Structures are given as C-alpha cells and as structure tokens.
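For clarity, every value in this text was computed on a predicted model and none was experimentally measured. All residue numbers refer to positions in the sequence shown, counting from 1.
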Amino acid sequence: MNDRPATQTPTPLTPMVKAQAVYKRFGHIEVLKGISLEVQRGEVVCLLGASGSGKSTFLRCINHLEKIDAGRLWVDGHMVGYKQMGERIHELRDREVCARRAEIGMVFQRFNLFGHMTALGNVIEAPIHVRKMPREQALDSARELLRRVGLAERMHSYPSQLSGGQQQRVAIARALAMQPKLMLFDEPTSALDPELVGEVLEVMKTLAQEGMTMVVVTHEMGFAREAADRVLMMEDGKIIEGGTPEAFFNNPREERTRQFLSKIL
C-alpha cells in the first residue's frame, strides 16, 4: 500500500465510497489499473462489463476482502483496511477490519447460507455474535426483515427447502440485519434460474427506493435502467465510461461500450 491519504472526517457530504487511483494485482496480472470513483450517500451505482474486467475484484476491495496494492480507498470517510497516524499509514488489525466490514453488507453470486440453520437462524447469527445484539431484539429484527423480502411464511424453513430466489432473499435479509451503511451486490442473480431473477431484483429495487447506498455488479440491464442513478462500464481494469442510465444506454460514447451493449440488449 503506498500513497499517503489525508485524514477525512465523515460528514453528510462525505462520499460513502471514494476510490483514488486504486490498483490491484494477482501475481504478475494487474486486475485494477487506477480506479477512481465516488459513490454518494443514497446513490445506486451499477458496474457493467465483460467477465475479467475487474468488477468483482473492485467490489471485494471496497470491504477489504482483497487488499489494494496502491491508491486510496475510503468508505464513509474511513480508509479501508488502514488508518493514518501522523505521516504514517498502518494496516488495521483483523478485529478492527471485521468491525469496519460489519458496516458493509455484501451479497454474493452464491448464497452461502448455513445449511443447518433456518432462514431465521441465518439472519440472527451475525447480529447476535458480531454486534452482540440481544437475542430477542435480533429475532424481532430478523422477522421484520424476512417479511420485507417476502419470506414471512418461510422463516422456519431450511435452505434446502427454499428455491434459489428465496435463498438469495434470505442472504439479502442477512446482510441487512447488520444495519449496514452500504450494500454491495456481486452479480446476485447470476446463479438463479431465469424465472427466479425477478423476485430478487424486486427486493433490490425496494432497497434503492428506500435510499440504501448500493454498488451493484450485474448483467441485468433492466435493473440498471430502472434502479441505478449511474451506470459505469469497466474494461481491462479501468472505468471507461459512466453516466445516467438514459445517457449510458441511449448514447454511449465509447465503441467498446457500444459493442458490449449490442451483444446483451
């Protein structure tokens, strides 16, 4: 990690996510090549691009599942994975990283639910053991969250008794149970049968309407058109284009964006 970012104090005007010239390598392969981006509070940003363009890696860097090699990255005014003391930057201890990560919800392609726990058990697990929430409070919150995602009648079902779409909605409720400031979605519908995609996207649209800050890696163009405030195109580890959904889809500037859209629309 190089560069020396200035200390930021979170304010209502502080971007929820701020990336400055972020680089990430895996061995000799440079996956992110100087990503700079700001995501404002309450904004929904969709990242598009072909497989291998760096979208998922960037998402994982935001919550420090991957360490960046160079650049600067903040969530809510706090450096991701690091702290500044005077002129020096120090990596946070694992416990401190986990505490920061608890404020960021992430939903993956695979649901990663605990198979031996009911939907309700999956949702209350982290609030009780990570946030030390009283069990009854966690149960009340989990019941309400499962109701919000349309699973009030399935809260005592085990993952094996749920469809893929239902499991993903449990995963969203589980992430929301930690009361996150920011939600990250890494192609949350890509593992679902086509007829199950809509029910997950409806939950995500509701979150967007409620003002949740979201960064979404997706190939669901309808969702990007309807729910996003901005749509960004990634190619070869860089953001090559971005704008409102109307501008992005109706009048893309870059030839690579036009090629990409022509194949999926």
Which pair of non-hydrogen atoms, one from Ser36 and one from Ala21, has the smallest distance, and what is that distance? OG-N, 2.9 Å
Can you name the closest pair of heavy atoms from Phe111 and Ala171 and give their distance? O-CB, 4.0 Å
Does the side-chain contact (heavy atoms from CB on, under 4.5 Å) test come out yes or no for Val107 and Met183, once each step is laid out? CA-CA 8 Å; Val107 179; Met183 285 288 288; 3.9 Å; yes
If every non-hydrogen atom of Pro252 is compared with every non-hydrogen atom of Thr257, which pair is closest and at what distance? CB-CG2, 3.7 Å
Which atom of Ala228 lies closest to which atom of Pro245, heavy atoms considered: O-CG, 3.3 Å
For the hydrophobic clusters of this structure (ILVMFWY residues joined by side-chain heavy atoms under 4.5 Å, transitively), does one cluster hold both Val17 and Ile68? yes
Heavy-atom donor-acceptor pair, Ser141 side chain to Ala138 backbone, under 3.5 Å: no
Lys/Arg-Asp/Glu bridge criterion (N-O < 4.0 Å) met for Glu30, Lys33: no
Could you check whether any side-chain N or O of Arg258 sits under 3.5 Å from a backbone N or O of Arg253, counting only pairs where one atom can act as donor and the other as acceptor? yes
Taking CZ in Arg131 as the centre, count heavy atoms belonging to other residues, nucleotides or ligands within less than 6.0 Å. Is the count above 12? yes
How long is the straight-line distance from NZ of Lys18 back to CD of Glu38, given to the nearest 0.5 Å? 5.0 Å
Is Met178 reachable from Met133 through a run of I, L, V, M, F, W or Y residues, each pair having side-chain heavy atoms under 4.5 Å apart? no
Does Ile264 share a hydrophobic cluster with Ile240, counting links as ILVMFWY side-chain heavy atoms below 4.5 Å and allowing steps through other members? yes
Please say whether more than 12 non-hydrogen atoms of neighbouring residues, nucleotides or ligands are located less than 6.0 Å from NZ in Lys238. no
For His64 and Tyr82, take the angle between the two ring planes, folded into 0 to 90°, and tell me which bin it lands in: parallel under 30, tilted 30 to 60, perpendicular over 60. perpendicular
Residues Met234, Val217; criterion side-chain contact (heavy atoms from CB on, under 4.5 Å); working and verdict: CA-CA 10 Å; Met234 286 189 65; Val217 172; over 6 Å; no
Point-to-point distance, once rounded to the nearest 0.5 Å, from CD1 of Ile62 to CZ of Arg101: 13.0 Å
Is a side-chain donor or acceptor of Ser157 paired with a backbone partner of Leu162 at a separation under 3.5 angstrom? no
State whether the side chain of Thr118 and the backbone N or O of His156 hold a donor-acceptor pair below 3.5 Å, judged by distance alone. no
Which heavy atom in Leu32 sits nearest to a heavy atom in Cys61, and how many Å separate them? CD1-SG, 4.0 Å
So, are Lys67 and Glu91 salt-bridged, with charged N and O less than 4.0 Å apart? yes
Evaluation steps, salt bridge (Lys or Arg N to Asp or Glu O under 4.0 Å), between Asp76 and Arg41: CA-CA 9 Å; Asp76 195 26; Arg41 295 167 189 273; 2.4 Å; yes
Is any side-chain heavy atom of Val231 closer than 4.5 Å to one of Phe249? yes
When you measure from the side chain of Glu125 to the backbone N and O of Asn122, does any donor-acceptor pair fall under 3.5 Å? no
Is there a donor-acceptor contact under 3.5 Å from the side chain of Arg174 to the main chain of Arg169? no
With side chains defined as the heavy atoms from C-beta onward, is the minimum distance between Leu192 and Val200 less than 4.5 Å? yes
Any chance you could measure Glu103, atom CD, to Asn63, atom CG, to the nearest 0.5 Å? 12.0 Å
In Å and rounded to the nearest 0.5 Å, what is the NZ to CE distance from Lys55 to Met233? 8.5 Å
Quick one: do Val123 and Phe108 end up in the same hydrophobic cluster if we chain Ile, Leu, Val, Met, Phe, Trp and Tyr together by side-chain heavy atoms under 4.5 Å apart? no
Any donor-acceptor pair under 3.5 Å linking the side chain of Arg154 with the backbone of Gln161? yes
Taking Val216 as the starting point, is it possible to reach Val39 by hopping between hydrophobic residues whose side chains are less than 4.5 Å apart? no
Measure the spacing between CE of Met214 and CD of Glu43 and express it to the nearest 0.5 Å. 12.0 Å
Is it the case that the side chain of Gln168 and the backbone of Thr189 share a donor-acceptor pair, with hydrogens and angles ignored and the cut-off at 3.5 Å? no
Lys24 to Phe26, cation-pi by 6.0 Å centre distance and 45° axis angle: yes
Compare all side-chain heavy atoms of Glu210 with those of Arg148 and state whether any distance is below 4.5 angstrom. yes
Answer whether the closest heavy-atom distance between the side chains of Gln167 and Asn112 falls below 4.5 Å. no
To the nearest 0.5 angstrom, please state how far the CG atom of Leu73 sits from the CD atom of Gln20. 10.0 Å
Flag the pair Leu261 / Phe248 as yes when at least one side-chain heavy-atom distance between them is below 4.5 Å, and no otherwise. yes
Looking at side-chain heavy atoms only, is the closest gap between Glu220 and Leu201 below 4.5 Å? yes
Is the backbone of Glu187 close enough, under 3.5 Å, to the side chain of Ser190 for a donor and an acceptor to pair up by distance? yes
Between the main-chain N or O of Ser163 and the side-chain N or O of Gln166, is there a donor-acceptor pair closer than 3.5 Å? yes
Does a side-chain heavy-atom distance below 4.5 Å link Thr218 with Met204? no
How close do Ala119 and Val170 get, counting heavy atoms only, and between which atoms? CB-CG2, 3.9 Å
Pair Glu235-Ser53, side-chain hydrogen bond (donor to acceptor under 3.5 Å, both in side chains): steps then yes or no: CA-CA 5 Å; Glu235 173 73 8; Ser53 59; 5.9 Å; no
Can you tell if the side chain of Leu120 reaches within under 4.5 Å of the side chain of Arg143, non-hydrogen atoms only? yes
Does atom CD of Glu255 have more than 12 heavy-atom neighbours from other groups under 6.0 Å away? yes
Apply side-chain contact (heavy atoms from CB on, under 4.5 Å) to residues Leu37 and Phe58 and explain how you reach the verdict. CA-CA 11 Å; Leu37 171 68; Phe58 179 60; 3.7 Å; yes
When you look at Ile104 and Lys181, which way does the side-chain contact (heavy atoms from CB on, under 4.5 Å) test go after all the steps? CA-CA 6 Å; Ile104 305 172; Lys181 302 175 179 178; over 6 Å; no
